[in-house]
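Each chain gets a letter, A, B and so on, in the order its sequence line appears, and its residues count up from 1.
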2 protein chains.
Amino acid sequence: MFTSEKEYLKHYNIHDYDVPLVSVDIAIFTLLDGKLHILLVERGDFPQKGRWSLPGGFINQQQDKDLHATALRKLTEKTGVKTPHLEQVATIGNTKRDPRGWSVTVLYMGLIPYAPTADFIETVADARWWPYEVAIKQNLAFDHIELVTQARERLRVKSGYTVLPVYVLNAPFTLTQLQQAFEELLGTEIEKKSFRRRIQAADLLEEVGEGLPEGGRGRIAALYRPRKGSEQHAFIRAFGGSEED
Amino acid sequence: MFTSEKEYLKHYNIHDYDVPLVSVDIAIFTLLDGKLHILLVERGDFPQKGRWSLPGGFINQQQDKDLHATALRKLTEKTGVKTPHLEQVATIGNTKRDPRGWSVTVLYMGLIPYAPTADFIETVADARWWPYEVAIKQNLAFDHIELVTQARERLRVKSGYTVLPVYVLNAPFTLTQLQQAFEELLGTEIEKKSFRRRIQAADLLEEVGEGLPEGGRGRIAALYRPRKGSEQHAFIRAFGGSEED
DNA sequence: TTAATTAAGTGGCAATACGCCAATAATATG
DNA sequence: CATATTATTGGCGTATTGCCACTTAATTAA
């Protein structure tokens, strides 16, 4: 049909292809009052106007150089929040998830120390942090309940063999605060000595003096922050009874 | 603008959206003569005609009910091969990967016991198993060298904490054959006793008599196959010194 | 038939890591 | 100063790991 690459590209037109709608959705988690929270937005337009959903949207082919950039842009536009950790979880595409037909979404999961949402936000009616357990009882837009659940599961599993939970804390923090973050994100208790042994063996934190956390009592504690240049998603030995997928 | 969901959907037209091209690519691995091989196809049409690439292609909105179905269909159409294990690895989308502009691909990784490719294959000039080390020295189409590398890395990491390598063997197999598969997929040697202890502790295989593998010498070995209903991607304790990401 | 070779499978042990819990240290509060 | 609270460390029985040599069972060569 075509005789050269150049010739082909001259005649290429995306409308000759049967392309589905592609979007990016972001599940951002934080810790607030010791409880896991997730950031949701209230949809300001159709479809699904008025329902709560994950922040997200479409690729802007002019502005975004890649998918990661799309995710960061959408998050900021819709919530005013910036995240220090963002990772891709999965891509879901099928005929049923959107009333408009075949649609594909790339799901991201992010972690952030608690920060309030912006007052002025684009195209959404509201943006709010919800306690996770409350959020999943809402009647979320599209298939977002499944996306939220998948992101939560990734967070839980990965908290078992990395130090990802450091991203929901503001540095510096104490080991006890870190342990509480792990416990909330893992959904299980950890034995104190085992926790400290493992965190210290991983050697991903550095001590930065000591102090008492806000209104604390009892013995003064050592304060830590993530060691510069260390990969907080690097494998460390698993906590507790490891199982599942 | 619109007054109801129904009204909105009546006026919805995908061409009002700025959508990129979306494809699916599949990296299928097998073991042949004890060496890791990957299945590549030679492109029969522009763009990148004549170059080797991962099998893959576009979603067919009529035929495919979801992305997984697209991946399975493309694999069979282009290579004649069917895989017992297929998992999503990542989604890559940016402006640079395709000369046609912004493009998104969903990358899958599959494992299969060695099977020859079909004689009659659609839209590709050829489909062949390549030794992995040879494949990555080819000048592959688009950014497929990166896709191949990402899939290989997923395979390597996941072989460390699951029994995925069983999928490159035909059952029944001996523990020594399985160990050799692990070693090739992990890229590292494993101590025999430790290997057996862990595999047996995982309890994912069942013994099905004993025999000698094809042309074997030495003591007769017990033969195993995956236990029915067991999840071969379930976590088991990691092999060897665990590190990295 | 016997000895040598090859490969499977097991035994055993020192070193390490883990779970558990109690002791000690350092601070705030009454 | 006594008590409560929280951080940090010590210690120990048990489980797991890495390592290597030994035994078993088959084939092959002499």
Side-chain angles (χ1 to χ4, degrees), chain A residues 34 159-163 166 169 171-184 186 188-225 235-243, chain B residues 34 159-163 166 169 171-184 186 188-225 235-243:
Chain A
S159 294
Y161 59 83
T162 67
V163 291
V166 301
L169 296 179
F173 45 79
T174 68
L175 287 183
T176 300
Q177 289 175 315
L178 183 60
Q179 180 173 347
Q180 287 165 351
F182 266 92
E183 289 177 337
E184 176 66 12
L186 277 170
T188 157
E189 312 246 297
I190 309 172
E191 204 283 323
K192 184 165 53 168
K193 186 71 182 291
S194 303
F195 178 76
R196 283 158 182 261
R197 261 197 300 238
R198 274 160 160 160
I199 290 295
Q200 276 162 354
D203 196 34
L204 295 169
L205 303 181
E206 62 184 357
E207 205 178 325
V208 288
E210 45 181 37
L212 273 185
E214 186 95 6
R217 333 190 336 148
R219 178 171 169 180
I220 204 170
L223 296 172
Y224 296 86
R225 69 171 172 217
F235 272 55
I236 65 173
R237 241 184 292 274
F239 287 113
S242 72
E243 6 58 38
Chain B
S159 295
Y161 61 83
T162 67
V163 292
V166 301
L169 296 179
F173 45 80
T174 68
L175 288 183
T176 300
Q177 289 175 316
L178 183 59
Q179 179 172 346
Q180 288 165 351
F182 266 92
E183 290 176 337
E184 176 67 11
L186 278 170
T188 155
E189 312 247 297
I190 309 172
E191 203 283 323
K192 182 166 57 165
K193 187 71 183 290
S194 303
F195 178 77
R196 283 158 181 260
R197 263 197 299 238
R198 274 162 159 157
I199 291 295
Q200 277 161 353
D203 195 35
L204 295 170
L205 304 181
E206 61 184 357
E207 204 177 325
V208 288
E210 44 181 36
L212 273 187
E214 186 95 6
R217 312 156 39 112
R219 180 170 168 180
I220 205 170
L223 297 171
Y224 296 85
R225 69 171 173 218
F235 271 56
I236 64 174
R237 241 183 293 275
F239 287 113
S242 71
E243 4 59 38

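Computed from coordinates, the A:Ile199 CD1 to C:dA17 C1' distance equals 16 Å when rounded to whole Å. Summarising the geometry, the separation between OH on A:Tyr224 and C1' on D:dA7 is reported as 10 Å, rounded to the nearest angstrom. Atom pair B:Ile190:CD1 and D:dC19:P shows a separation of 13 Å (rounding to whole Å applied). One atom, CZ of A:Phe195, and another, C1' of D:dA7, lie 14 Å apart when rounded to the nearest Å. Note: CG (B:Leu178) to C1' (C:dG9) measures 15 Å, nearest angstrom. Atom CD in A:Gln200 sits roughly 14 Å away from atom P in D:dA7 (whole-Å rounding). Distance, A:Leu223 CG to D:dT8 C1': 14 Å, rounded to whole Å. What separates CD1 of B:Ile236 from P of D:dT16 is a distance of 14 Å, to the nearest Å.
Inter-axis angle, ends of the helix from C:dT1-D:dA30 to C:dG30-D:dC1, five pairs per end, rounded to 10 degrees: 10°.
Among residues two or more places apart in sequence or in another chain, the side chain to side chain donor-acceptor pair (under 3.5 Å) test is passed with A:Gln180 by none. The ring-ring contact (aromatic ring centres under 6.0 Å, His included) test applied to A:Phe195 returns A:Phe182, A:Phe239, not counting sequence neighbours. Residues satisfying the salt bridge (Lys or Arg N to Asp or Glu O under 4.0 Å) criterion with B:Glu206, sequence neighbours excluded, are B:Arg225, B:Arg227. Partners of A:Gln179 under the side chain to side chain donor-acceptor pair (under 3.5 Å) rule, at least two apart in sequence or in another chain, are A:Glu183.
Here OH of A:Tyr224 is found 4.5 Å from CG of A:Leu175. Values are rounded to the nearest 0.5 Å. Between atom CG of residue B:Leu223 and atom CD of residue B:Glu210 there is a gap of 8.0 Å, rounded to the nearest 0.5 Å. Atom CD1 of A:Ile190 is separated from atom OG of A:Ser159 by 9.0 Å, given to the nearest 0.5 angstrom.
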Each nucleotide of nucleotides 20-30 of chain C classed B (base within 4.0 Å of a protein heavy atom), S (only sugar-phosphate) or -, in 5' to 3' order, makes BB---BBBSS-
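Nearest heavy-atom pair, A:Ala222 versus A:Glu207, reported as atom, atom and distance to 0.1 Å: CB-OE2, 3.5 Å.
Remark: A:Glu189 CD is loosely packed, at most 12 non-hydrogen atoms of other residues, nucleotides or ligands lying under 6.0 Å away.
Regarding contacts with the backbone of D:dT8, a side-chain N or O of A:Arg196 is found under 4.0 angstrom from either OP1 or OP2.
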